[in-house]
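Let me begin by presenting the structure, written as structure tokens, before commenting on it.
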Amino acid sequence: MLMGVALRVDGQIDRVTGKNFATRSEVLATHGIVCTSVPAATQVGLEILKHGGSAVDAAIAANATLGLMEPVSSGIGGDLFAIVYSAKENKLYAINGSGRSPLGLSYDQMKAELAKLHRDTIPPIGMLPISVPGCIDAWAELHKRFGKLKLSDDLAPAVRYAEEGFPVTELIAYYWAFGPRLYKGLPGAFLETYTLDGKGRTPGKGDIFKNPDLARTLRLIGEKGRDAFYRGEIADKVDAFMRANGGFLRKTDFEKHTSTWVDPVSVNYRGYDVFELPPNGQGIAALQMLNILEGFDLRGMGRNSSETVHTMIEAKKIVWADRAKFYADPAFAKIPLTGLVSKKYAAERRKLIDLNHAAKTVEPGVPPENPATSQPTRLPLQSRLLDQGDTIYMCTADDEGNMVSLIQSNYRGMGSGIVVPGLGFMFQDRGELFSMDPTHANVYAPGKRPFHTIIPGFVMKDGKPWEAFGVMGGGMQPQGHVQVITNQIDFGLNVQEAGDASRWQHEGDYEPTGEKMTASGGYVELESGIPYETVRDLRKKGHDVRFDVGGYGGYQAIKVELHDGRRVYVGASESRKDGMAAGY
């Protein structure tokens, strides 16, 4: 639902709200802090902290509120990933809360269904891209390990807002308006749930929106726990609806769903340990890019110079070739994880960068752990804009020093368009990211997690927490992670400036769906605020430079500083969204 629009290079309207580089002061706090993309959700998280909740309680409460208030990006019909820093243990925990494809929908059946639609790839709307929502189980797992309040207490603010209503913010209203055009005519209760008149009028800025069905669903989950969703009344309603309307999810898919606690993966970038989750997500793409870029003097090249931007884009192309080939559900594919993030491998891949010319094609590499039977394959660079997904990223920190880096999403747009009557939420369309190429690591299979885009980030320095951070927006996320990290470490921007600073995004190359399209080298989109001299020089190097509205992600972060021996949280919420950082 993020639409690309060509603009003047010096235009000031490539952000839906805000100017080309409008920044503001960082938010400072000593007891607790919450950063989200909706001010009311930030306040909800803050109130939970003040009432004795942990950073995880605040994160669940704020996430539930965002699912109500920012349904264009998130909701309990989607998935969740998180990294949690436990101050007591001085340890990072990570959870993969992504769902799996329907057990009863085989590859051959999926192919037959696609043939009926005259397609060879999984569509973004309807029944076929739906996978089991993992959000609620991930909440339950996080709460069981780190929560201090009752789950019903965490969900109570979202329930109240859903019943009483809330004013919709400017950016959310902008994206919400695309919904009826995308989803009208699909089975279910989209219009009844997400329009003001039941016919197609979406809320504008300041209009009051209520979702009593979601209030009932959240209250039931709060009272009866995650089993109400995966084994009880909600699963029963989903099963009945899917059977009646040609869907494929069944109650057994819900009953068998589990989240997975995983070890986060890290690389050291100029003395900072940057942590991401392993596949089926794309977090290690940021780590691979940082490993490659560590061999260049970015500070000497200068921020937003053509040399720096070109080098980053070329590093991204190299990593995307590996991302397309190797990133998949590790339960179904052998992933050479250690090799992909090794410094030795990065040194070899770095040699592919020509500082004067943009690459048109790049081959996947052969990481040290790569199976002998898996040889590098030339893949064409692609021209399709795959992945303008909508997502929320948020972070929290509490008085004990615990921190949460959490990302949650329905994927493209508001999701699949499928809303079961009476439940108040839309199912995600994450299954669109499966490949239908039977030789691909990310090929569709029943009971499999698709390649995933949403990635929470965390940084440690000298064995202590330095920053929880994240950038939203599909394939922008690893590119955004690299930009906000280098903005701070290489270019000296503070945590707020690092997110507000103008960004670039490279599109149109290798993707995890295995599609074969014409090699072109892709294209790069630049935000206003990047000098025209850089634009001109990038074009001389062979880059196809374009411009976009709103496609550069969103960002929140919490940095940890020490002042006179006392911990101070420093919060940031960028100006591209309606968000807010607040603490006490």
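Just so it is clear, the structure is predicted and the values come from calculations on it, not from any experiment.
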Between Glu141 and Ser259, is a side chain to side chain donor-acceptor pair (under 3.5 Å) present by the stated rule, with each step listed?
CA-CA 8 Å; Glu141 288 291 316; Ser259 299; over 6 Å; no
Determine yes or no for a side-chain-to-main-chain donor-acceptor pair under 3.5 angstrom, with Thr36 supplying the side chain and Ala41 the backbone.
no
Distance check, rounded to the nearest 0.5 Å: Met476 atom CE versus Asp548 atom CG?
10.5 Å
Whether Lys559 and Glu26 form a salt bridge (side-chain N of Lys/Arg under 4.0 Å from carboxylate O of Asp/Glu) is what I want to check.
no
Neighbour count >12 (heavy atoms, 6.0 Å) for atom NZ, Lys344:
no
With a 4.0 Å cut-off, would you call Glu574 and Arg503 a salt bridge?
yes
Using the rule given for side-chain contact (heavy atoms from CB on, under 4.5 Å), can you reason through Val309 versus His543, listing the C-alpha separation, both sets of side-chain angles and the distance that settles it, and then say yes or no?
CA-CA 11 Å; Val309 177; His543 293 281; over 6 Å; no
Closest approach of Phe275 to Met460 (non-hydrogen atoms, all atoms of both residues)
CE1-CG, 3.5 Å
Please evaluate residues Asp322 and Gln288 with respect to the criterion side-chain contact (heavy atoms from CB on, under 4.5 Å), reporting the C-alpha separation (whole Å), side-chain torsions for both, the decisive distance (0.1 Å), and the verdict.
CA-CA 9 Å; Asp322 287 344; Gln288 287 190 253; 3.2 Å; yes
Start with the C-alpha distance between Arg536 and Ser306, add both sets of side-chain angles, then the distance that settles side chain to side chain donor-acceptor pair (under 3.5 Å), and finish with yes or no.
CA-CA 8 Å; Arg536 183 177 63 243; Ser306 61; over 6 Å; no
Which class fits the ring pair Tyr93 and Phe146: parallel under 30°, tilted 30 to 60°, perpendicular over 60°?
perpendicular
Cationic N near anionic O, under 4.0 Å, Glu400 to Lys88
no
Kindly check if the number of other-residue, nucleotide or ligand heavy atoms within 6.0 Å of CD (Glu533) is above 12?
no
Quick check on salt bridge (charged side-chain N to carboxylate O under 4.0 Å, His left out): which of Arg349, Lys343, Arg299, Arg270 does Glu294 satisfy it with?
Lys343
Check this for me: Asp263, atom CG, are more than 12 non-hydrogen atoms of other residues, nucleotides or ligands nearer than 6.0 Å?
no
Asn487 (side chain) donor-acceptor with Gln483 (main chain) under 3.5 angstrom:
yes
Is Lys577 reaching over with its side chain to a backbone N or O of Tyr555, donor-acceptor style, under 3.5 angstrom?
no
Any side-chain donor-acceptor pair under 3.5 Å between Thr486 and Arg303?
no
Side chain to side chain donor-acceptor pair (under 3.5 Å) between Asp329 and Asn280, intermediate numbers included
CA-CA 5 Å; Asp329 185 345; Asn280 54 312; over 6 Å; no
Check ion pair Glu497-Arg24 (N to O, under 4.0 angstrom):
no
Do the two ring centres, one from His31 and one from Tyr569, sit under 6.0 Å apart?
no
Is Lys464 close enough and on-axis enough to Trp466, meaning under 6.0 Å and within 45°, for cation-pi?
no
Set out, in order, the CA-CA distance, both residues' side-chain angles and the distance that settles side chain to side chain donor-acceptor pair (under 3.5 Å) for Gln282 and Glu276, then state yes or no.
CA-CA 9 Å; Gln282 63 174 340; Glu276 302 278 357; over 6 Å; no
What verdict does the salt bridge (charged side-chain N to carboxylate O under 4.0 Å, His left out) test give for Glu507 and Lys316, after you've listed the backbone C-alpha separation in whole Å, the side-chain angles of each residue and the deciding distance to 0.1 Å?
CA-CA 10 Å; Glu507 296 271 16; Lys316 181 266 184 184; over 6 Å; no
Looking only at atom types and distance, does a side-chain atom of Gln428 sit under 3.5 Å from a main-chain N or O of Asp79, one as donor and one as acceptor?
yes
What are the two closest heavy atoms between Ile60 and Trp139, and how far apart are they?
CD1-O, 3.6 Å
Could you check whether Arg546 pairs with Asp544 (Lys NZ or Arg NE/NH1/NH2 to Asp/Glu carboxylate O, under 4.0 Å)?
yes
Establish, yes or no, whether a centroid distance under 6.0 Å links the rings of Tyr393 and Phe469.
no
Are the side chain of Thr534 and the backbone N or O of Ile530 linked by a donor-acceptor pair below 3.5 Å?
no
Do we see a donor-acceptor contact under 3.5 Å between the side chains of Ser37 and Glu70?
yes
I want to check a possible cation-pi pair here: Lys91 against Tyr85, using under 6.0 Å from ring centre and within 45° of the ring axis as the test.
no
Looking at Ser405 and Phe458, would you say the former's side chain and the latter's main chain have a donor-acceptor pair under 3.5 Å?
no
How close do Ala441 and Ala328 get, counting heavy atoms only, and between which atoms?
O-CB, 3.4 Å
Backbone N or O of Ala58 within a donor-acceptor pair of the Thr396 side chain at under 3.5 Å?
no
Run Asp537 and Lys540 through side-chain contact (heavy atoms from CB on, under 4.5 Å) and show every step you take.
CA-CA 5 Å; Asp537 287 350; Lys540 286 180 179 179; 4.2 Å; yes
If I compare all heavy atoms of Pro450 with all of Gly99, which pair ends up nearest, and what's the gap?
CD-O, 3.6 Å
Test item: Arg350 side-chain N/O and Ile292 main-chain N/O as donor-acceptor pair under 3.5 Å:
yes
Stepwise side-chain contact (heavy atoms from CB on, under 4.5 Å) check, Val459 with Asp273:
CA-CA 6 Å; Val459 183; Asp273 294 310; 5.8 Å; no
For Val484, is there any backbone N or O sitting under 3.5 Å from a side-chain donor or acceptor partner on Gln488?
yes
